[in-house]
Number of protein chains: 2
Amino acid sequence: MSASVTSRALDLLGAFDPEHRTLTLSALARRSGMPLATAHRLVGELHRWGALARLESGEYVIGRRLWDLGLLAPVQAGLRQAASPFLHDLYGATLATVHLAVRDGTEVLYIDRLAGHVSVPVVSKIGSRLPMHATGVGKVLLAYAPEAVRAEVLGRLNRVTAYTITQPARLLEQLRRVRAEGFATTGEEMSLGACSVAVPVRGAVGEVVAALGLVVPDLRRERARLVSALQVSAQGISRVLADPSSAQWK
Amino acid sequence: MSASVTSRALDLLGAFDPEHRTLTLSALARRSGMPLATAHRLVGELHRWGALARLESGEYVIGRRLWDLGLLAPVQAGLRQAASPFLHDLYGATLATVHLAVRDGTEVLYIDRLAGHVSVPVVSKIGSRLPMHATGVGKVLLAYAPEAVRAEVLGRLNRVTAYTITQPARLLEQLRRVRAEGFATTGEEMSLGACSVAVPVRGAVGEVVAALGLVVPDLRRERARLVSALQVSAQGISRVLADPSSAQWK
DNA sequence: TACTTGGCTTCCGTTCAATGGAAGGACGAT
DNA sequence: ATCGTCCTTCCATTGAACGGAAGCCAAGTA
């Protein structure tokens, strides 16, 4: 068997991931399972085009041209743009790490993030995917997800920390409360020392399109204030989503 | 002549640009100059891999997988990360649109941007390139650019608005002042109704690695305050760049 | 100095996958 | 009913991708 030329080139690109942002030619060949000579030629083409760049060390990295292209992807472009000012407001009001996330299959995809100087240990990065059952935004998205998705997630509740919820019944109960109260919380379920609150963001017809969350070291004191700040922002975003022109006059 | 398969696939991707974020199959074929049948097959592969996505309308757009990849590009990743909190601070302190930009050849490349609710007409977007002589960040970067770059830019001072500086001598004089005073300003030179201030961001050994700028409707009143806010932030970023560990304890 | 190891680059004859013209289908407008 | 536009599939031809082999360079080792 021998895949098509194009898919081979793409496989080379696919060899890059957050843990491998720089790769040598031989590593690329190895990771994508093709002879060195072949990889050499393909990488050469990718490099010439600007999809890959080469460091002084000789290692390859994703090039600026792919960065440009990536920015054109409609990964909730409208949502990100509408939400951007509200994220800043939230940060200003809380000085906590702010997250905007959507559901991607059975995981949470972080599409924007805003962290301050003093940040809690947070795993998320823009573009990263985390499990739904261990994050605040994840619980919100799960609470409003189609039944099939919920079933699948409940089937595999992997333990992340000692506090991660791994019993389907307990999670279901929490999801019910999320729908009733309009917000979700976590307490060190994803990483120790980090708690979170999150609320749903609704689209033009009331459907949940995203989740907005805050990560703080401790939740006990300020929960009410944080939830209310979140809800104000989420409503603001919804309003802009429903009527983009209203974004101008605040 | 007939280019290599890989480069054809890349040409298809290259058909997307900020003005053409969605394209039909035939448009793709047309824009990249290849027979429809060929485009069809290649697009199919790109789509299967996730480089392209298809809207309900049948049009193609850059896919989420390329978005992921693009985020891995080391486009000043360190710089963006170091600067992020300071950009938020600046926004909080000024409520103006905040820009972080680097020089890309003879143009300004905006690598981060932060806009508020009430925004001035601003052309920039993350990933967009603008002329150096008509923007605040551009003037700063130009003032500290190698002589060869400056010469080339001065050779082509295209008019953008009625206020754009098109006389080399006047621009040179301004650049001298930028170096002397440590900041640059513009007044409706890129778009009417928008003025800007910008300062250099220095790296570990004092070299200028980026520019930090603000866009506001009017400069007269607040210039001093804005410049000082910018300089504080720029120094903060420099400190983090020189010693990344210091980012933690503010 | 000689030898080894690991990565990078170039060459080139074979072969197999990419090519693209043609034909057909779906949709909408006139 | 006819045209225009776009999408999809087919398949015989052919020229471009393939990858083994050989050579290069630099760093480490004896």
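Numbered from 1 within each chain, the chains take letters A, B, ... in sequence-line order.
- Proximity of a side-chain donor or acceptor of A/R150 to a complementary backbone N or O of A/A145 within less than 3.5 Å is detected.
- Separating the CG atom of A/L28 from the P atom of C/dT9 is a distance of 12 Å, rounded to the nearest angstrom.
- The shortest distance between the side-chain N/O atoms of B/R8 and the OP1/OP2 oxygens of C/dG20 is below 4.0 Å.
- Rounded to whole Å, the distance from CG on B/L25 to C1' on C/dA26 is 15 Å.
- Place A/E59 and A/T6 on DNA chain C by their nearest nucleotides, and A/E59 ends up nearer the 5' end.
- When rounded to the nearest whole Å, the span between CG of A/L52 and P of C/dC8 equals 13 Å.
- Side-chain atoms of B/T164 come within 3.5 Å of backbone atoms of B/E189 as a donor-acceptor pair (strictly under, hydrogens ignored).
- Ionic pairing of B/R31 and B/D11 is not present here: no N-O contact between side-chain nitrogen and carboxylate oxygen is shorter than 4.0 angstrom.
- Between B/L12 atom CG and C/dT19 atom C1' the separation is 14 Å, expressed in whole Å.
- Atom CD of A/Q81 has 12 or fewer neighbouring heavy atoms from other residues, nucleotides or ligands inside a 6.0 Å radius.
- If you take CG of A/L10 and P of D/dA17, they are 15 Å apart, rounded to a whole angstrom.
- Note: CD (A/E45) to P (C/dT10) measures 14 Å, nearest angstrom.
- Among the nucleotides C/dT19, D/dC6, D/dC18, the one closest to any side-chain atom of B/S26 is D/dC6.
- Using bins of under 30°, 30° to 60° and over 60° for the plane-to-plane angle, the ring pair B/H99/B/Y110 lands in the perpendicular bin.
- Rounded to whole angstrom, the span from the CD atom of A/E56 across to the C1' atom of C/dC8 amounts to 17 Å.
- Of the possible donor and acceptor atoms, one in the side chain of B/T161 sits under 3.5 Å from a partner among the backbone N and O of B/E188.
- If you check C/dT9, D/dC6, D/dT8 against the side chain of B/Y60, the one that comes closest is D/dT8.
- DNA chain C lies under 4.0 Å from at least one heavy atom of each of the following residues of residues 33-44 of chain A: A/L36, A/A37, A/H40.
- D/dT8 atom P lies 10 Å from atom NE2 of B/H47, rounded to whole Å.
- Figure legend: cation-pi geometry between B/R202 and B/Y144, with NZ or CZ positioned under 6.0 Å from the six-membered ring centre and within 45° of its axis.
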